[in-house]
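A short write-up of the structure that comes next.
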Amino acid sequence: MQKEYIQLGNKEVYNGQYMLCAFYVESYGGKTLEEASSNIAAESSNGSNLKVGTGTPFSASMGAIVYEIDHMTSTVYIAYPWRIFDRGGSVQNILTFIAGNVFGMSSVKACKLLDVQFPAEMLTQYDGPSYTLDDMRKYLDVYDSPILGSIIKPKIGLTSNQYAELCYDFWAGGGHFVKNDEPQADQDFAPFDTMVKAVRIAMDRAEDVTGHKKVHSFNVSAADFDTMIERADLIQRTMRPGSYAFLIDGITSGWTAVQTLRRRYPEVFLHFHRAGHGAFTRKESPFGFTVPVMTKFARLAGASGIHTGTAGIGKMDGSPEEDVVAAMHASRVGSQGSHFKQVWSTVSWSDSDVETILRSERHIWESGARELSIARRELSQMDDYSITHKADWRMMNKTAPIISGGVNPVLIPKLLDTFGTIDFITTMGGGTHSHPMGTTAGTQAVLESFRAWQNGQTLEEASHDGQGYDVELQRAVDFYNKKGTQATKVKQN
Ligand code: CAP
Ligand code: MG
Ligand code: MG
């Protein structure tokens, strides 16, 4: 055992100089949690599996500290002096330390990073989001509902014009936001540049017909950064400012791609798609980190929005304990994780402005989404909102939860009640393009379902009240109920 890393009860770790982590740990060969966690702390900070004679008192002070062990839950708490991380705000580097070699150690049977806490002093070293959901709301002039989005399906195989036509159909139906699907890139049957140009034409038509602005999120993930930047620049030349977002497959492209886009294009909504995360976030995975942890790092890296899951309501694995918490970590000034409270303000709690913001935001969150649009407008007139929004040196800007994956009009009320807010983006692919009357009707059913929720009506009442899109919603209710895409799925054991 490397005893120097075990410092149970050490209170220094709360002095703002340490990033705190909670790991679930199991080890092979009957090793105690002390032994296993001392090796994890060494390997994830300044050490290895053997004590070396080449260290110095300073290098020793840069070691991680195991400051608490909970034998009941097999949870170990490890504090990292954040000075060891690459200066200049590299999230990739933090994860290489704490979510790197430790997952490969032969003595460890499970090592899952359950939660992480960044001290306020550390937050100032990282970019955080620049262009936020509030900026997108302002561009779209949409405050009283989630941003209603779609993903064009089939996922791949359409030509650029066929793709753009479906964007038009969704936007013409009243939808706000369309994203490329995560694998869509530069395929020979839908070359990237012709897709972008076709989308611009479709967007112009839809804006003429509806009188409302629209946004499209283009996937700029690519083989190399030069190509990624070429695609981003092509989009900027073709689209109007504010009308586009950059989607990056953050897990398969990597954190450096995320931060490169954040730094080169601070005036663009950075859409973090997390395809591949299930390999290490699912409960069944003994190694990796959780969805709330991934979400926290995405906010630190500067994602304007990240997919945070549907809390098990849609088609993907997930739970309220993880996905609702992840949504709060993404978007709130203060959020409670499974092991730590995280405050995203870079000033101490004693700052009265921060307390006012926290109080007003808590009121908004707890008063539920129906009042959110009113409260958000009031808040935007309140002085302290300007502190949150304008002087981001006090706060790390928010990241928008993107709630997607098997969502359809029938599930919207359940989503809204589960997340208790309208301040997110939701995207529906199958849930709009499979509507028996087609994409536009699918979109109208989405609008009608949200309006039902907002008015406190059941879907049955809303689809027979002679207001809005009764038929489209009724057909959606019949179709999706038959499809058994109800919220309460029975989990396979
Ligand atoms: C949703 C989706 C998104 C998932 C990603 C898909 O399509 O486009 O990539 O939402 O999952 O390809 O499955 P549907 P998550 O609306 O047709 O399901 O949001 O959990 O990261
Ligand atoms: Mg997709
Ligand atoms: Mg109606």
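Start at 1 with the first residue, then count along the sequence. Remember, it's 1-based here, ligands and their atoms both numbered in the order they're listed.
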Given Lys315, Met428, Glu182, which one has a non-hydrogen atom that is nearest to atom 14 (P) of ligand 1?
Lys315

Just going by heavy-atom distances, which of Ile251, Thr426, Asp181 is nearest to atom 8 (O) of ligand 1?
Asp181

Do any N/O atoms on [X] end up under 3.5 angstrom from N/O atoms on ligand 1?
X	result
Val407	no
Gly405	yes
Gly430	yes
His277	no

If you count the atoms of ligand 1 from 1 in the order shown, which ones are under 4.0 Å from a heavy atom of [X]?
X	result
Gly429	14 (P), 16 (O), 17 (O)
Lys155	6 (C), 12 (O)
Lys179	8 (O)
Gly406	14 (P), 16 (O), 18 (O)

Could you check whether [X] pairs with [Y] (Lys NZ or Arg NE/NH1/NH2 to Asp/Glu carboxylate O, under 4.0 Å)?
X	Y	answer
Glu322	Arg282	no
Lys283	Glu321	no
Asp181	Lys179	yes
Arg299	Asp127	no
Asp249	Arg274	no
Arg200	Asp204	yes
Asp423	Lys398	yes

Please classify the Met316 to ligand 1 contact at 4.0 Å (heavy-atom distances, strictly less than): side chain, backbone, both or neither.
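For Met316, the contact with ligand 1 is made by the side chain alone.
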
Region of Thr310 that comes within reach of ligand 1 [heavy atoms, distance under 4.0 Å]
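Answer for Thr310: neither.
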
Answer yes if the ring centres of [X] and [Y] are under 6.0 angstrom apart, and no otherwise.
X	Y	value
Phe97	Phe85	yes
Tyr244	Phe246	yes
Phe297	Phe118	yes
Trp255	Phe272	yes
Phe280	Phe287	no
His271	His307	yes

Using modelled atom types only, decide if a donor and an acceptor are shared between the side chain of Thr418 and the backbone of Leu416 within a distance under 3.5 Å.
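Here the side-chain-to-backbone pair does not exist.
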
Considering only the protein, which heavy-atom contact is closest to [atom], and what is its distance?
atom	answer
atom 2 (C) of ligand 1	Lys153 NZ, 3.8 Å
atom 20 (O) of ligand 1	Arg274 NH2, 2.8 Å
atom 10 (O) of ligand 1	Ser404 OG, 2.6 Å
atom 19 (O) of ligand 1	His307 ND1, 2.8 Å
atom 5 (C) of ligand 1	His273 NE2, 3.6 Å

I'd like to know whether Lys112 forms a salt bridge (Lys or Arg N to Asp or Glu O under 4.0 Å) with Glu26, so could you lay out the CA-CA distance, the side-chain angles of the two residues, the decisive distance to 0.1 Å, and finally the verdict.
CA-CA 9 Å; Lys112 190 85 175 245; Glu26 278 183 34; over 6 Å; no

Protein N/O/S atoms under 2.8 Å of the Mg ion (ligand 3)?
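As for protein N, O or S atoms lying under 2.8 Å from the Mg ion (ligand 3), they are Glu448 OE2, Ala462 O, Asp465 OD1, Gln467 O, Asp470 OD1.
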
Determine whether the side chains of Tyr480 and Ser434 contain a donor N or O and an acceptor N or O closer than 3.5 Å.
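Short answer, yes.
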
Pairing donors with acceptors under 3.5 angstrom, does anything connect the side chains of Ser150 and His433?
yes

Should the ring pair Phe340 and Tyr77 be called parallel, tilted or perpendicular, given that the plane angle runs from 0 to 90° and is split at 30 and 60?
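Ring orientation, 0 to 90° scale: perpendicular.
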
Which protein N, O or S atoms lie under 2.8 Å from the Mg ion (ligand 2)?
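Near the Mg ion (ligand 2), below 2.8 Å, one finds Asp181 OD1, Glu182 OE1.
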
